[in-house]
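A short write-up of the structure that comes next.
These numbers were taken from a predicted model, which means no experiment stands behind them. Chain letters run A, B, ... following the sequence lines, proteins first, then strands; residues in each count from 1.
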There are 2 protein chains.
Amino acid sequence: MGVTKSENFTVEQNELAILAKAIGHPARIAIIQYLIKVKSCVCGDIVNKLPLSQPTISQHLKELKNAGLIKGTVEGNTICYCLDEAGFSKIKAFTEHLNLYFENQNNQCC
Amino acid sequence: MGVTKSENFTVEQNELAILAKAIGHPARIAIIQYLIKVKSCVCGDIVNKLPLSQPTISQHLKELKNAGLIKGTVEGNTICYCLDEAGFSKIKAFTEHLNLYFENQNNQCC
DNA sequence: TTTGTATATTGCAATATTACGATATAAATA
DNA sequence: TATTTATATCGTAATATTGCAATATACAAA
């Protein structure tokens, strides 16, 4: 099929899945890492930083934006992108659960 | 195409992408959440906990295992699954970078 | 040994994703 | 106004993912 049965899962599970899926591509990881590295918004040079064509990068940026992981602000001719805390804070809550799990792994069996 | 140009990105970027992609499905989130909740291995009742067929769940478990996010141990007739710290520790390192970014967001522009 | 139980694999149909050339749009500049 | 520059959208081909029925495998129990 190729179609995910979203209706069988909770809103939270679907939200987390959408976020993780959006992160799940090396080009989108590279975009996120670049935005972390420069420590601010980036106006208009992302295309030059990635080994993909302009339409492809535009598509990846759109997906990150749809997932709530980056924000884009029109700045005259160019667009300024930066990380969006909204999306990442949901991931943070999830990973903190995981950290707690591994810190208290008393009853492990395998 | 549908084929990711992995060779254009770093090993780290590809590894992270594979991990995030594996998490990026509500059924696999549900499996992870269930393993967190029961706080131990789970032997043989995952199929009853999810609203998907047995072959589909088997496939999702395989993907989580391939990504290094869960471990499975054969226990007679059943298989015991638990979370695998190996995979999650890589994600932890990545999210900690992000946390630092948002804690020091002095030079934000959008 | 036969039967039951749990999980994996195969095969396939439907849909999603990735990538990019061509083209559109919109602002900046000459 | 015409041209350049930056980004988005469209259309399409190739490949990947999702889901399940059917079947296989492997151990357990009768």
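Rounded to whole Å, atom P of D:dA8 lies 12 Å from atom CG of A:L64. At whole-Å resolution of the value, CZ in B:R28 and C1' in D:dT17 are 9 Å apart. Residue A:N66 contributes atom CG, which lies 14 Å from atom C1' of C:dT17 at whole-angstrom precision. With rounding to whole Å, A:N48 atom CG is found 12 Å from D:dT7 atom C1'. Summarising the geometry, the separation between CG on B:L50 and C1' on C:dT7 is reported as 14 Å, rounded to the nearest angstrom. If you measure from atom CD of B:E7 to atom P of C:dT18, you get 15 Å, rounded to the nearest angstrom. Atoms CD1 (A:I23) and P (C:dT17) sit 16 Å apart, rounded to a whole Å. Rounding to whole angstrom units, CD1 of residue B:I57 and P of C:dT5 are separated by 18 Å.
Under the 3.5 Å distance criterion, the side-chain polar atoms of A:N14 are matched with a main-chain donor or acceptor of A:S6. In this structure, A:R28 contributes its side chain and A:A22 its backbone to a donor-acceptor pair below 3.5 Å.
In this pair, A:F9 and B:H25 present their aromatic rings perpendicular. The plane angle is above 60°, beyond the 30 to 60° band.
Across all strands shown, B:L52 has heavy atoms under 4.0 Å from sugar-phosphate atoms exclusively, and none from any base. If you check every strand for non-hydrogen atoms under 4.0 Å, B:S58 touches a base. When heavy atoms are screened at a 4.0 angstrom cut-off, A:K65 is found touching no nucleic acid atom at all. When heavy atoms are screened at a 4.0 angstrom cut-off, A:E63 is found touching the sugar-phosphate backbone but no base atom.
Look at A:H60 and you won't find any side-chain N or O under 4.0 angstrom from OP1 or OP2 of C:dT17. Of the side-chain N and O atoms in B:T56, one or more sit less than 4.0 angstrom from OP1 or OP2 of D:dC20. Dashed line: the shortest gap from a side-chain N or O of B:K62 to OP1 or OP2 of C:dT7 is not under 4.0 Å.
Cysteine sulfur proximity is not satisfied for A:C41 and A:C82, their SG distance being 2.5 angstrom or more.
When all heavy atoms of A:I31 and A:L64 are compared, the pair lying nearest together is CG2-CD1, 3.8 Å.
Judged by distance alone, with hydrogens and angles left aside, B:Q59 brings no side-chain donor or acceptor close enough to the base of C:dA8 to form a pair under 3.5 Å. Remark: the B:Q54 side chain and the C:dA6 base include no donor-acceptor N/O pair separated by less than 3.5 Å.
Picking from D:dC27, C:dT17, D:dA8 the nucleotide with the shortest atom distance to the side chain of B:N77 gives D:dC27. Among the nucleotides C:dA19, D:dT15, C:dA16, the one closest to any side-chain atom of A:K21 is C:dA16. For A:Y81, the listed nucleotide lying nearest its side chain is D:dT7; candidates were D:dT7, C:dT7, C:dC20. Proximity note for A:P55 (side chain, C-beta onward) versus C:dT7, C:dC20, D:dT7: the nearest is C:dC20. Candidate nucleotides D:dT18, D:dC20, C:dT18 were compared by shortest atom distance to the side chain of A:K5, and D:dC20 ranks first.
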*Start with the C-alpha distance between B:Q13 and B:T10, add both sets of side-chain angles, then the distance that settles side chain to side chain donor-acceptor pair (under 3.5 Å), and finish with yes or no.*
CA-CA 5 Å; B:Q13 286 163 346; B:T10 68; 3.3 Å; yes
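Heavy-atom distances to DNA chain C give each of A:A27 and A:T4 a nearest nucleotide, and the one nearer the 5′ end belongs to A:T4. Between A:L61 and A:F9, the residue anchored nearer the 5' end of DNA chain D, judged by the nucleotide with its closest heavy atom, is A:L61.
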